[in-house]
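We use all heavy atoms of the structure for the numbers below, so side chains are in, but hydrogens, waters and symmetry mates are not.
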Amino acid sequence: MWLAMAVLSALPFAFFDFWYFLRGVMVFLVTSFEAPVKDFLKEQTVRGIVLLQDIDFLGHMNNSRYLRECDFARISLYIRNGLFRVTRKLKVHMVLGAATIRYRRSLHLFEQFKIRSRILCWDEKAFYIEQEFISCRDGFVCATMLCRQNVLYSTPDKLLQLLCKRKVECPDFPKEVELWIKYNLASSAKLKS
């Protein structure tokens, strides 16, 4: 009996990334109880710590864990600034269309960090978001990520109009975002040929 229960309990961990889904639910629940942010462009911060399941053979945070942490930080960003609610209302999906991450210094086991996330700008198809990993030890930016969050079945303008109850002007595109978009377009053209 106990063996059967132990095996059944282990199945979600053996065949699914159970911790990912459990953490996603926890992020959703915790963030839902936080105070909403009125300014959707406002930078938001979440905290984290490098745990045993996050490290690689060199003892620092595995490259893929940075991307996973950014996923959770974006979920928190969208819930707090109201975009999540608006996407549900319009039956819209937002999916990651592109991401570039630059690693500057390793995060080590049990090191605490913050992820600062903010929407930089948007076009007719996507939001452009910057996310930074900052060591709580000394404030150093250990990694920085730029991503394009594609909006499916609608446009960023429509989402923001519903969210803000008015037409919202997009901020100027930062130079690095313009260059990054050109790189992605060139990469797409190369793959299509």
So, S187 side chain and Y183 main chain: donor-acceptor pair closer than 3.5 Å or not?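 Checking the backbone N and O of Y183 against the side chain of S187, no donor-acceptor pair under 3.5 Å is found.
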Backbone N or O of F28 within a donor-acceptor pair of the T31 side chain at under 3.5 Å?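 Not a single qualifying donor-acceptor pair exists.
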Run the side chain to side chain contact (heavy atoms under 4.5 Å, CB included) test on T144 and F133 for me, step by step, so that the C-alpha distance in whole Å, both residues' side-chain angles and the decisive distance to 0.1 Å come before the verdict. CA-CA 6 Å; T144 181; F133 285 80; over 6 Å; no
Can [Y] be reached from [X] by stepping across I, L, V, M, F, W or Y side chains whose heavy atoms are under 4.5 Å apart?
X	Y	result
L163	I75	yes
V46	L77	no
I129	M145	no
F21	L51	no
F173	L120	yes

Which salt bridge (charged side-chain N to carboxylate O under 4.0 Å, His left out) pairs, counting each pair once, include a residue from [range], with sequence neighbours left out?
range	value
residues 64-75	D17-R68, R23-E69, D54-R65, D71-R74
residues 84-101	none
residues 171-185	none
residues 129-152	R105-D138, E111-R137, R116-E132, R118-E130

K192: salt bridge (Lys or Arg N to Asp or Glu O under 4.0 Å) partners, not counting sequence neighbours: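 Counting only residues at least two positions away or on another chain, K192 forms no salt bridge (Lys or Arg N to Asp or Glu O under 4.0 Å).
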Is the closest side-chain heavy-atom distance between [X] and [Y] below 4.5 Å?
X	Y	value
L109	L52	yes
M61	Y66	yes
F127	V151	yes

Trace of the side chain to side chain contact (heavy atoms under 4.5 Å, CB included) decision for E34 with R80: CA-CA 7 Å; E34 292 178 357; R80 291 191 67 211; 3.0 Å; yes
With a 6.0 Å cut-off on ring centres, are W122 and F40 close enough?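 Between W122 and F40, the centre distance is under 6.0 Å.
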Let me see the working for S117 and Q44 under side chain to side chain donor-acceptor pair (under 3.5 Å), right down to the final yes or no. CA-CA 5 Å; S117 303; Q44 295 180 47; over 6 Å; no
Spacing of [X] atom [atom1] and [Y] atom [atom2] [to the nearest 0.5 Å]:
X	Y	atom1	atom2	result
I101	N63	CD1	CG	8.0 Å
N81	D39	CG	CG	9.0 Å
S106	L58	OG	CG	8.0 Å
N62	I55	CG	CD1	9.5 Å
I115	T45	CD1	OG1	9.5 Å
E124	D157	CD	CG	9.0 Å

As a quick check of understanding, evaluate side chain to side chain contact (heavy atoms under 4.5 Å, CB included) for F113 and V50, giving each step before the final call. CA-CA 8 Å; F113 59 88; V50 181; 4.0 Å; yes
I need the minimum non-hydrogen distance between [X] and [Y], along with the two atoms involved.
X	Y	value
D123	P156	O-CG, 3.4 Å
G59	H108	O-ND1, 3.9 Å
L107	C142	CD2-SG, 3.7 Å
P171	C121	O-CB, 4.0 Å
S154	V92	CB-CG2, 3.5 Å

Begin with the C-alpha distance, continue with both residues' side-chain angles, and end with the deciding distance and a verdict on side chain to side chain donor-acceptor pair (under 3.5 Å) for Q149 and Y128. CA-CA 6 Å; Q149 192 78 52; Y128 296 91; over 6 Å; no
With L160, the side chain to side chain contact (heavy atoms under 4.5 Å, CB included) member among I119, T155, V86, V168: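 Of I119, T155, V86, V168, side chain to side chain contact (heavy atoms under 4.5 Å, CB included) with L160 is met by V168 alone.
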So does Y20 have more than 12 non-hydrogen atoms from other groups sitting under 6.0 Å from OH?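 Counting neighbours around OH of Y20, 12 or fewer heavy atoms of other residues, nucleotides or ligands fall under 6.0 Å, so no.
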Tell me which pairs pass side-chain hydrogen bond (donor to acceptor under 3.5 Å, both in side chains) where either residue lies in residues 93-103, with sequence neighbours left out.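 Found T100-W180.
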Evaluate the criterion side chain to side chain contact (heavy atoms under 4.5 Å, CB included) for residue pair L90 and L159; output intermediate values, then yes/no. CA-CA 8 Å; L90 293 177; L159 292 178; 3.7 Å; yes
